[in-house]
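Report on one structure; see the data block that follows.
Bear in mind the structure is a predicted one, so any value in this text is a computation, not a measurement.
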Amino acid sequence: MNKGTLWLITLPVILLAILLIYKGIVLNNRVGVVDGAGIGISFIGFELNDSVPNEKVQYYATSFIITGITTLLIGLALMFKLLRLR
């Protein structure tokens with residue numbers, strides 16, 4: 001793969017990781033703030049679940065954070081590969 005293609009893959013992967021971690025932190029702060037049957041969870045315009053009970057919000061938050069950290073590690077590995085190609 002050439003450097004341009006790797007940059008086109010690396011930057012969106014790192015951006016996605018940051019968005020996932022941010023969503024996890026926001027959800028973690030909303031634990032206990034449930035109106036009615038539950039809260040709706042959406043990510044980048046896609047609705048994942050429209051009624052998550054208070055007990056399950058923590059699982060979603062943890063899942064977003066773990067997925068974000070994993071994605072960030074993949075993005076950083078790609079970035080280090082790019083830096084070694086110089």
(message) What I'd like to find out is whether the side chain of L82 reaches to under 4.5 Å of the side chain of L78, using heavy atoms alone.
(response) no

(message) Hydrophobic clusters here meaning ILVMFWY residues chained together by side-chain heavy-atom distances under 4.5 Å, can you tell me if I66 and F43 are in one?
(response) no

(message) Does any part of the side chain of I25, heavy atoms only, come nearer than 4.5 Å to the side chain of F64, both counted from C-beta?
(response) no

(request) State whether the side chain of K81 and the backbone N or O of L76 hold a donor-acceptor pair below 3.5 Å, judged by distance alone. (result) no

(request) For residues L72 and I14, determine if any side-chain heavy atom of one lies less than 4.5 Å from a side-chain heavy atom of the other. (result) yes

(message) When you group the ILVMFWY residues by side-chain heavy-atom contacts below 4.5 Å and let the links chain together, are F46 and I18 in the same group?
(response) no

(request) Using the rule that two of Ile, Leu, Val, Met, Phe, Trp, Tyr join whenever any of their side-chain heavy atoms come within less than 4.5 Å, decide whether V26 and L48 are in one cluster. (result) no

(request) Taking all non-hydrogen atoms of both residues into account, name the closest pair between E47 and S42 and its distance. (result) CA-CB, 3.8 Å

(request) Kindly give the heavy-atom pair with the smallest separation between Y60 and L27, and that separation in Å. (result) CB-CD1, 4.1 Å

(request) Of all the heavy-atom pairs spanning G68 and A17, show the shortest one and how long it is. (result) O-CB, 3.4 Å

(request) Please answer: with hydrophobic residues joined when any side-chain heavy atoms are less than 4.5 Å apart, are I65 and L73 in the same cluster? (result) yes

(request) Check whether I69 and Y22 end up in the same hydrophobic cluster, where Ile, Leu, Val, Met, Phe, Trp and Tyr are linked by side-chain heavy atoms less than 4.5 Å apart. (result) no

(request) Work out which heavy atom in G75 is nearest to a heavy atom in T10; give both atom names and the distance. (result) O-CG2, 3.6 Å

(request) Could you pull out the closest heavy-atom pair between V57 and I39, with the gap in Å? (result) CG2-CD1, 3.8 Å

(message) So, taking the atom named CG in L11 and the one named CE in M79, what distance separates them when rounded to the nearest 0.5 Å?
(response) 6.0 Å

(message) I need the single residue from I9, L16, L15 that forms a side chain to side chain contact (heavy atoms under 4.5 Å, CB included) with V13. Which is it?
(response) I9

